[in-house]
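This report refers to the structure that appears directly beneath it.
Any value given below was found using the heavy atoms of this structure, including those in side chains, with hydrogens, waters and symmetry copies removed.
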Amino acid sequence: MTSEKGPSTGDPTLRRRIEPWEFEAFFDPRELRKEACLLYEIKWGSSHRIWRNTGKSTTSHVEVNFIEKFTSERRSDSPISCSITWFLSWSPCWECSKAIREFLSQHPSVTLVIYVARLFWHMDQQNRQGLRDLINSGVTVQIMRVSEYCHCWRNFVNYPPGKEASCPTYPPLWVMLYALELHCIILSLPPCLKISRRCQNQLTFFRLTLQNCHYQTIPPHILLATGLIQPSVTWR
């Protein structure tokens, strides 16, 4: 049953919510918006209470802004124990990946899970290596799916009254293509996804180019999930 109200006026996170148009502009996987947005949740120790906030890129990337804010507000020498979940409009660049690893090495009792809507300059080898190093250090990095989009809409967006269940939907193909490319990054395979933008009509295009190494290494069910690969048939 859909609530006829928007977010409760007593909701302590209301002042930190973003507007629906901002959510669509930042997190639509087809859009190549330059600025980045971070929605994050922090769960402290054994507490069941979740603290939420949002951030946008300034002169620094949103990841660096978060780390600086987090460390500046906690100057105590006592160890920090918490679990953090990020929902990022772009995956971290290689410099941010390095900063995240350094931050986590200084706070070993902090765990981090990252969901991303898009891969940032994924053809760049430094960015690819940065994500691999981040994942190898124990950070979970995944592409946002429908469940993550709906979660963000309910908890981070100032949705209109009666629109709690009206989270924007995006073509599943884009999610699967980014997930496929992330798989290539993790396995140290060459890029298979190329993305371009035609400024005249503001359309985003993709091209999937698979090499033998992709077919030999990536599990078939991941390739077939894109719907762009036909299963092989053996004739007798």
Side-chain angles (χ1 to χ4, degrees), residues 26-41 57 61-63 66 83-101 103-104 111-152 168-197 204-229:
F26 279 111
F27 286 90
D28 186 338
R30 299 164 297 183
E31 294 296 327
L32 303 182
R33 186 184 181 93
K34 182 178 180 181
E35 300 84 5
C37 180
L38 167 64
L39 315 175
Y40 60 90
E41 299 177 335
S57 55
H61 288 188
V62 288
E63 300 93 331
F66 173 90
S83 57
I84 303 172
T85 303
W86 284 359
F87 302 92
L88 277 165
S89 58
W90 285 107
S91 63
C93 68
W94 70 270
E95 291 176 298
C96 287
S97 293
K98 181 180 179 182
I100 294 168
R101 288 190 292 110
F103 164 71
L104 292 174
T111 61
L112 177 62
V113 174
I114 302 176
Y115 293 96
V116 302
R118 297 178 296 267
L119 296 173
F120 179 77
W121 287 101
H122 68 278
M123 304 285 283
D124 183 277
Q125 290 302 319
Q126 286 184 298
N127 288 337
R128 297 174 78 84
Q129 187 61 54
L131 285 178
R132 275 194 296 273
D133 292 341
L134 195 58
I135 293 169
N136 290 335
S137 71
V139 176
T140 298
V141 180
Q142 295 183 6
I143 301 299
M144 289 178 65
R145 300 159 298 181
V146 173
S147 57
E148 283 78 44
Y149 277 104
C150 291
H151 176 83
C152 289
T169 57
Y170 304 112
L173 178 59
W174 278 97
V175 175
M176 289 185 285
L177 288 173
Y178 278 122
L180 176 60
E181 186 59 48
L182 179 58
H183 210 79
C184 292
I185 292 173
I186 294 172
L187 295 175
S188 299
L189 295 173
C192 68
L193 179 65
K194 184 175 182 180
I195 300 173
S196 58
R197 186 74 179 264
T204 305
F205 296 87
F206 69 86
R207 186 173 72 223
L208 189 63
T209 305
L210 295 169
Q211 303 175 32
N212 287 336
C213 59
H214 295 117
Y215 289 107
Q216 294 169 357
T217 310
I218 300 175
H221 71 275
I222 295 179
L223 293 174
L224 292 172
T226 65
L228 301 175
I229 308 298

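- Put simply, the side chain of Thr85 never gets that close to the backbone of Glu41: no donor and acceptor are under 3.5 Å apart.
- In plain terms, the two heavy atoms of His214 and Pro191 that are nearest each other are CE1-O, 4.0 Å.
- Taking CH2 of Trp86 as the reference point, atom OG1 of Thr140 lies at 13.5 Å (rounded to 0.5 Å).
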Check the pair Phe103 / Leu112 against side chain to side chain contact (heavy atoms under 4.5 Å, CB included), numbers first and verdict last. CA-CA 11 Å; Phe103 164 71; Leu112 177 62; 5.9 Å; no
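- Residues Ala36 and Ser89 approach most closely at CA-OG, 3.3 Å, considering heavy atoms.
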Side chain to side chain contact (heavy atoms under 4.5 Å, CB included) assessment of Leu134 paired with Ile114: CA-CA 10 Å; Leu134 195 58; Ile114 302 176; 4.0 Å; yes
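- Heavy-atom minimum distance, Tyr178 versus Pro29: OH-O, 3.5 Å.
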Assess the residue pair Ile100 and Glu63 against the criterion (side chain to side chain contact (heavy atoms under 4.5 Å, CB included)); give the C-alpha distance rounded to whole Å, side-chain angles, the decisive distance to 0.1 Å, and a yes or no. CA-CA 8 Å; Ile100 294 168; Glu63 300 93 331; 4.3 Å; yes
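- In this structure, Cys213 and Leu189 approach most closely via the heavy-atom pair O-CD2, 4.0 Å.
- Residue Ile135 holds its CD1 atom at 9.5 Å from CD of Gln142, rounded to the nearest 0.5 Å.
- Within the model, atoms CG of Leu131 and CG of Asn136 stand 10.5 Å from one another, a figure rounded to the nearest 0.5 Å.
- The shortest heavy-atom contact between Leu119 and Leu182 is CD1-N, 3.9 Å.
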Dump the intermediate steps for side chain to side chain contact (heavy atoms under 4.5 Å, CB included) on Leu193 and Leu180, then the final yes or no. CA-CA 8 Å; Leu193 179 65; Leu180 176 60; over 6 Å; no
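- From Gln125, atom CD reaches atom CD1 of Ile185 across 9.0 Å, with rounding to the nearest 0.5 Å.
- Among Phe205, Phe27, Phe206, the single residue meeting the ring pair (Phe, Tyr, Trp, His ring centres under 6.0 Å) criterion with Trp174 is Phe206.
- A donor-acceptor pair under 3.5 Å is formed between the side chain of Arg118 and the backbone N or O of Glu31.
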With a cut-off of 3.5 Å and sequence neighbours excluded, list every side-chain donor-acceptor pair involving residues 90-99.
residue : atom : partner : partner atom : Å
Trp90   : NE1  : Arg33   : O            : 2.7
Ser91   : OG   : Phe120  : N            : 2.8
Ser97   : OG   : Cys93   : O            : 3.1

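- Side-chain atoms of Glu181 and Cys192, non-hydrogen and from C-beta on, do get closer than 4.5 Å to each other.
- A donor-acceptor contact shorter than 3.5 Å links the side chain of Glu148 to the backbone of Arg145.
- The heavy-atom pair separating Ile143 from Val175 by the smallest distance is CG2-O, 3.9 Å.
- Using a distance-only test at 3.5 Å, with no hydrogens or angles considered, a donor-acceptor pair links the side chain of Arg128 to the main chain of His122.
- Within the 4.5 Å cutoff, side-chain heavy atoms of Thr204 are placed close to those of Ile195.
- Here the straight-line distance linking atom CZ of Arg132 with atom CG of Asn127 works out to 10.5 Å at 0.5 Å rounding.
- Here NE2 of His183 is found 6.0 Å from CD1 of Ile218. Values are rounded to the nearest 0.5 Å.
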